[in-house]
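Below: the structure, in structure tokens.
Keep in mind it's a predicted model, so treat the numbers as computed, not measured. Reckoned from all heavy atoms, side chains included, excluding hydrogens, waters and symmetry mates.
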Amino acid sequence: MMRHPVPLLLLPAMGCDGQLWARQVTDLVDIAHPQMGDLTVDDSLTAMAARVLAHAPPRFAVAGVSLGGYVALEMIRQAPDRITRVALFGTRASMQMRPRTVAEQGLLATAPHDDPMLTPIISGPVQAMAERVGTAVFERQQRALLARPDIAPAIAAVTMPALIAVGDRDRICLPEDARALADRIPGANFQLIPRCGHLAPIERPGAVTALLRDWLS
């Protein structure tokens with residue numbers, strides 16, 4: 001008997017759009033029905049989460065990268081009964097955040113690689129996403145992160161299956177930052193993605209798809 005595809009909300013990182021998740025949308029089509037959450041309009045995590053929830057199915061799984069991860073946690077705080085499972089990539093348990101320009105964020109997202117051929121491949125799509133999103137949205141998203149409330153209540157609300165993953169060369173969310181988040185969620189599955197920076201779905205699409213496939217199953 002064929003199972004129905006899982007409703008899946010995908011949330012991008014700061015300065016990114018749906019291209020970040022393009023491979024997963026294609027690769028998971030047999031088991032998931034993906035939908036992108038819009039994080040470009042609002043200037044607070046609370047409002048971002050409320051907007052995504054207003055356009056989401058009644059019950060769904062959610063995966064987010066960085067900013068998207070914090071929005072996913074806020075969604076769980078607002079509507080825990082609607083979310084069946086959560087996957088957080090490059091997301092920290094700490095509220096600390098250093099302000100960065102668009103250029104600095106892009107460099108941090110694409111630089112941590114030993115493979116000299118990989119960074120040019122990734123930097124082009126990342127720069128294109130940043131240009132499409134635009135500086136005004138980036139600055140609005142950064143303000144939302146800097147002003148985010150205490151996320152401890154949101155973390156405490158995570159009782160559904162949780163995947164916490166981070167690139168081993170992530171310079172924005174260090175592996176120990178993500179591990180600290182996983183340690184605060186009972187039963188969380190922590191995964192370190194090899195040779196990967198901050199934007200795992202586009203940097204290591206095959207590895208991320210495999211993790212999400214296991215998580216959705």
Side-chain angles (χ1 to χ4, degrees), residues 1-14 16-42 44-93 141 144-145 148-166 178 181-191 200-202 205 207-217:
M1 182 175 70
M2 292 184 64
R3 57 177 292 186
H4 293 293
V6 177
L8 173 62
L9 262 293
L10 296 172
L11 306 177
M14 184 163 56
C16 297
D17 58 21
Q19 184 64 31
L20 178 65
W21 291 106
R23 274 285 303 275
Q24 288 71 47
V25 169
T26 300
D27 294 346
L28 295 172
V29 69
D30 59 319
I31 62 169
H33 180 69
Q35 176 181 331
M36 294 294 165
D38 185 0
L39 309 186
T40 65
V41 178
D42 304 290
S44 74
L45 298 188
T46 302
M48 289 177 183
R51 180 179 299 277
V52 176
L53 284 167
H55 295 88
R59 283 175 60 78
F60 57 91
V62 62
V65 179
S66 193
L67 169 66
Y70 300 114
V71 173
L73 285 171
E74 175 60 18
M75 291 166 63
I76 293 172
R77 190 191 68 79
Q78 292 184 22
D81 293 340
R82 293 181 59 189
I83 298 169
T84 60
R85 59 193 63 234
V86 60
L88 306 172
F89 293 84
T91 305
R92 309 171 60 181
Q141 292 175 337
L145 275 178
R148 69 180 181 264
D150 182 6
I151 61 174
I155 296 173
V158 180
T159 58
M160 64 287 296
L163 167 66
I164 312 298
V166 66
L181 174 60
D183 288 345
R184 292 174 62 177
I185 300 174
N189 176 16
F190 176 78
Q191 295 290 332
I202 197 171
V208 170
T209 294
L211 289 175
L212 291 180
R213 186 172 287 277
D214 289 343
W215 167 75
L216 287 168
S217 299

**Q.** Derivation of the side chain to side chain contact (heavy atoms under 4.5 Å, CB included) call for Met75 and Leu11
**A.** CA-CA 11 Å; Met75 291 166 63; Leu11 306 177; 3.9 Å; yes
(Q) Checking Ala79 now: which residues fulfil side chain to side chain contact (heavy atoms under 4.5 Å, CB included) with it, not counting sequence neighbours? (A) Leu53, Arg82
To the nearest 0.5 Å, tell me how far [X] [atom1] sits from [Y] [atom2].
{"X": "Ser44", "Y": "Gln141", "atom1": "OG", "atom2": "CD", "answer": "12.0 Å"}
{"X": "Leu8", "Y": "Leu212", "atom1": "CG", "atom2": "CG", "answer": "7.0 Å"}
{"X": "Cys16", "Y": "Leu67", "atom1": "SG", "atom2": "CG", "answer": "9.5 Å"}
{"X": "Leu211", "Y": "Leu216", "atom1": "CG", "atom2": "CG", "answer": "11.0 Å"}
{"X": "Thr26", "Y": "Trp21", "atom1": "OG1", "atom2": "CH2", "answer": "13.5 Å"}
{"X": "Leu181", "Y": "Arg92", "atom1": "CG", "atom2": "CZ", "answer": "11.0 Å"}

Q.
Once side-chain hydrogen bond (donor to acceptor under 3.5 Å, both in side chains) is applied, do any residues pair with Gln78, and if so which ones, sequence neighbours excluded?
A. Glu74
(Q) For Asn189, give me all partners under side-chain hydrogen bond (donor to acceptor under 3.5 Å, both in side chains), at least two apart in sequence or on another chain. (A) Gln191
Minimum heavy-atom distance [X]-[Y], with the two atoms named:
{"X": "Met36", "Y": "Leu9", "value": "C-CD1, 4.5 Å"}
{"X": "Pro153", "Y": "Asp150", "value": "CD-O, 3.3 Å"}
{"X": "Met160", "Y": "Val86", "value": "CG-N, 4.1 Å"}
{"X": "Ala154", "Y": "Ile76", "value": "O-CG2, 4.4 Å"}
{"X": "Ala188", "Y": "Ala182", "value": "CB-O, 3.7 Å"}

Q | Audit row: Leu39, Val52, side chain to side chain contact (heavy atoms under 4.5 Å, CB included) steps and yes/no | A | CA-CA 8 Å; Leu39 309 186; Val52 176; 3.9 Å; yes
Q: Report the C-alpha separation of Tyr70 and Thr91 in whole Å, then their side-chain angles, then the decisive distance to 0.1 Å, and conclude whether the side chain to side chain contact (heavy atoms under 4.5 Å, CB included) test is met.
A: CA-CA 7 Å; Tyr70 300 114; Thr91 305; 3.5 Å; yes
Q. Which pairs count as salt bridge (charged side-chain N to carboxylate O under 4.0 Å, His left out) when at least one residue sits in residues 49-63, sequence neighbours excluded?
A. Asp42-Arg51
Q.
The test is side chain to side chain contact (heavy atoms under 4.5 Å, CB included); show your working for Leu20 and Phe89 and say whether it passes.
A. CA-CA 12 Å; Leu20 178 65; Phe89 293 84; over 6 Å; no
Q. Taking Arg85 for the side chain and Trp215 for the main chain, is one N or O donor matched with an acceptor at less than 3.5 Å?
A. yes
(Q) Would you say that Val65 contacts Pro12 through its side chain, given a criterion of any heavy-atom pair below 4.5 Å between the two side chains? (A) no
Q.
Restricting to salt bridge (charged side-chain N to carboxylate O under 4.0 Å, His left out), what partner residues turn up for Arg23, sequence neighbours left out?
A. Asp27
Q. What side chain to side chain donor-acceptor pair (under 3.5 Å) pairs are there with at least one residue in residues 30-39, not counting sequence neighbours?
A. Asp30-Arg213, Asp38-Thr40
